[in-house]
There are 2 protein chains.
Amino acid sequence: MNISEAARRSGLSAKTIRYYEDIDLIAPAARGDNGYRQYDSKAVEELHFLARAREVGFDLLECRQLLELQRDRRRQSRHARQLVLEKSQQLQTRIEQLVAMQNVLQAMADRCKGDEGPECAILEDLAGASEGEGGV
Amino acid sequence: MNISEAARRSGLSAKTIRYYEDIDLIAPAARGDNGYRQYDSKAVEELHFLARAREVGFDLLECRQLLELQRDRRRQSRHARQLVLEKSQQLQTRIEQLVAMQNVLQAMADRCKGDEGPECAILEDLAGASEGEGGV
DNA sequence: CTTGACCTTACAGCCACGGGAAGGTTTACA
DNA sequence: TGTAAACCTTCCCGTGGCTGTAAGGTCAAG
């Protein structure tokens with residue numbers, strides 16, 4: 001099948017598939033007489049694997065490692081598990097950061113009247129408060 | 001004061017301050033006889049404002065809008081509030097995405113033995129499951 | 001025979017900077 | 001006075017993970 005069909009089936013874009021080939025994440029695709037890339041179901045499976053790994057937050061370097069494990073018959077599942085737990089921890093950290101940011105935003109919004117006037121707790125907060133300035 | 005002192009006081013890096021000037025986010029700094037950028041406390045306040053806005057998740061386009069409001073005496077606080085609420089909503093969406101990803105990772109890790117053997121629920125999940133394949 | 005949907009490569013751009021080169025200035029100290 | 005370190009300047013490249021666009025070749029339908 002051609003690249004757009006492989007894209008449709010794998011969940012990646014054709015652009016992305018070419019890019020993955022470019023950076024040697026996947027092996028160069030076979031080519032037809034016309035020079036078009038050809039994909040079989042095995043290739044599509046690998047692409048789909050990558051799409052899934054990206055969806056759950058792995059970057060391309062980690063995808064490379066996961067793909068190596070996937071290809072290695074003598075792999076040890078603890079390596080995959082390690083990658084997953086590390087990624088989970090990274091997500092946890094990031095989530096906590098975002099929640100903290102959101103809490104600050106909510107606190108700002110709560111204190112701002114949000115009317116037609118210029119007085120604005122949000123802008124005052126952004127201007128002044130870094131810590132210890134505007135306590136209760 | 002020179003740029004590194006302004007950086008220290010504002011919480012931005014000198015690089016970032018120059019970059020903000022480059023993209024016209026802030027006005028070009030005054031220059032001393034030697035060509036060095038000079039900052040007064042008013043300029044530092046604006047830099048600090050930007051640092052705070054970035055910390056809570058605003059991108060540079062939004063920072064531009066916030067800065068306009070901050071400079072405008074006839075602003076309406078509802079505009080700032082609107083920006084904050086939109087950003088909060090964006091963070092909420094992103095947080096939910098990350099939590100969903102993390103749940104998937106945790107579910108994978110829970111089902112993987114993580115031992116010396118090659119059998120690995122994680123790699124099977126990444127390879128196969130997209131939806132409806134691996135039910136209860 | 002043309003139209004449109006594919007495919008190819010190659011290069012630019014996105015965001016928000018950071019790194020580093022190559023050079024000028026200032027400051028501290030021997 | 002010399003010099004070394006610590007500043008400062010501009011400039012351009014690299015990051016991640018793509019997407020967009022240009023300029024062309026190919027293929028299937030009518």
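Residue numbers begin at 1 in each chain, while the letters A, B, ... track the order of the sequences.
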Distances under 3.5 Å between protein N/O atoms and the N/O atoms of nucleotides 27-29 of chain D, please, pair by pair.
{"residue": "D:dC27", "atom": "OP1", "partner": "A:Asn34", "partner atom": "ND2", "Å": "3.4"}

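- Crowding of B:Arg74 atom CZ: a count of heavy atoms from other residues, nucleotides or ligands under 6.0 Å not exceeding 12.
- Nearest heavy-atom pair, B:Ile17 versus B:Ala6, reported as atom, atom and distance to 0.1 Å: CD1-C, 4.1 Å.
- A salt bridge does not link B:Arg64 with B:Asp24: none of the charged nitrogens is closer than 4.0 Å to a carboxylate oxygen.
- At whole-Å resolution of the value, CD in A:Glu55 and P in D:dG17 are 15 Å apart.
- A 4.0 Å heavy-atom criterion places the boundary nucleotides of DNA chain C facing chain A at C:dC6 to C:dA10, written 5' to 3'.
- Atom CD of B:Glu119 has 12 or fewer neighbouring heavy atoms from other residues, nucleotides or ligands inside a 6.0 Å radius.
- Rounded to a whole Å, the CG atom of A:Asp24 is 17 Å from the C1' atom of D:dG16.
- Using a 4.0 Å cut-off between charged nitrogen and carboxylate oxygen, A:Arg8 and A:Glu5 count as a salt-bridge pair.
- Atom OH in A:Tyr19 sits about 12 Å away from atom C1' in D:dT19, given to the nearest Å.
- B:Leu67 and B:Val44 fall within the same hydrophobic cluster, where Ile, Leu, Val, Met, Phe, Trp and Tyr residues are linked whenever their side-chain heavy atoms come under 4.5 Å apart, directly or through other members.
- A:Ile95 and A:Phe58 end up in the same hydrophobic cluster when Ile, Leu, Val, Met, Phe, Trp and Tyr side chains are linked at under 4.5 Å.
- Look at CD1 on A:Ile17: it is 14 Å from C1' on D:dT19, rounded to the nearest Å.
- One interatomic measurement links the two molecules: CG of A:Leu50 to C1' of D:dC18, which rounds to 14 Å at whole-angstrom precision.
- Look at A:Arg54 and you won't find any side-chain N or O under 4.0 angstrom from OP1 or OP2 of D:dG16.
- Between the CG atom of A:Asp22 and the C1' atom of D:dC18 there is a distance of 12 Å, rounded to whole Å.
- In this structure, the side chains of A:Arg75 and A:Gln70 come closer than 4.5 Å at one or more pairs of heavy atoms.
- The distance from atom CD of B:Glu5 to atom P of D:dA6 is 17 Å, rounded to the nearest whole Å.
- Listed candidates were D:dT19, D:dC8, D:dC18. Nearest to the side chain of B:Ile3 is D:dC8.
- The residue B:Arg18 sits close to a base: some heavy atom pair falls under 4.0 Å.
- Across all their heavy atoms, B:Val56 and B:Lys87 have their closest contact at O-CG, 4.2 Å.
- We find that CZ of A:Arg64 is positioned 11 Å from P of D:dG16, with the value rounded to whole Å.
- Where B:Gln38 and A:Thr16 each meet DNA chain D at their nearest nucleotide, the meeting point lying more 5' is that of B:Gln38.
- Both A:Lys15 and B:Arg37 lie near DNA chain D, and the one whose nearest nucleotide falls closer to the 5' end is B:Arg37.
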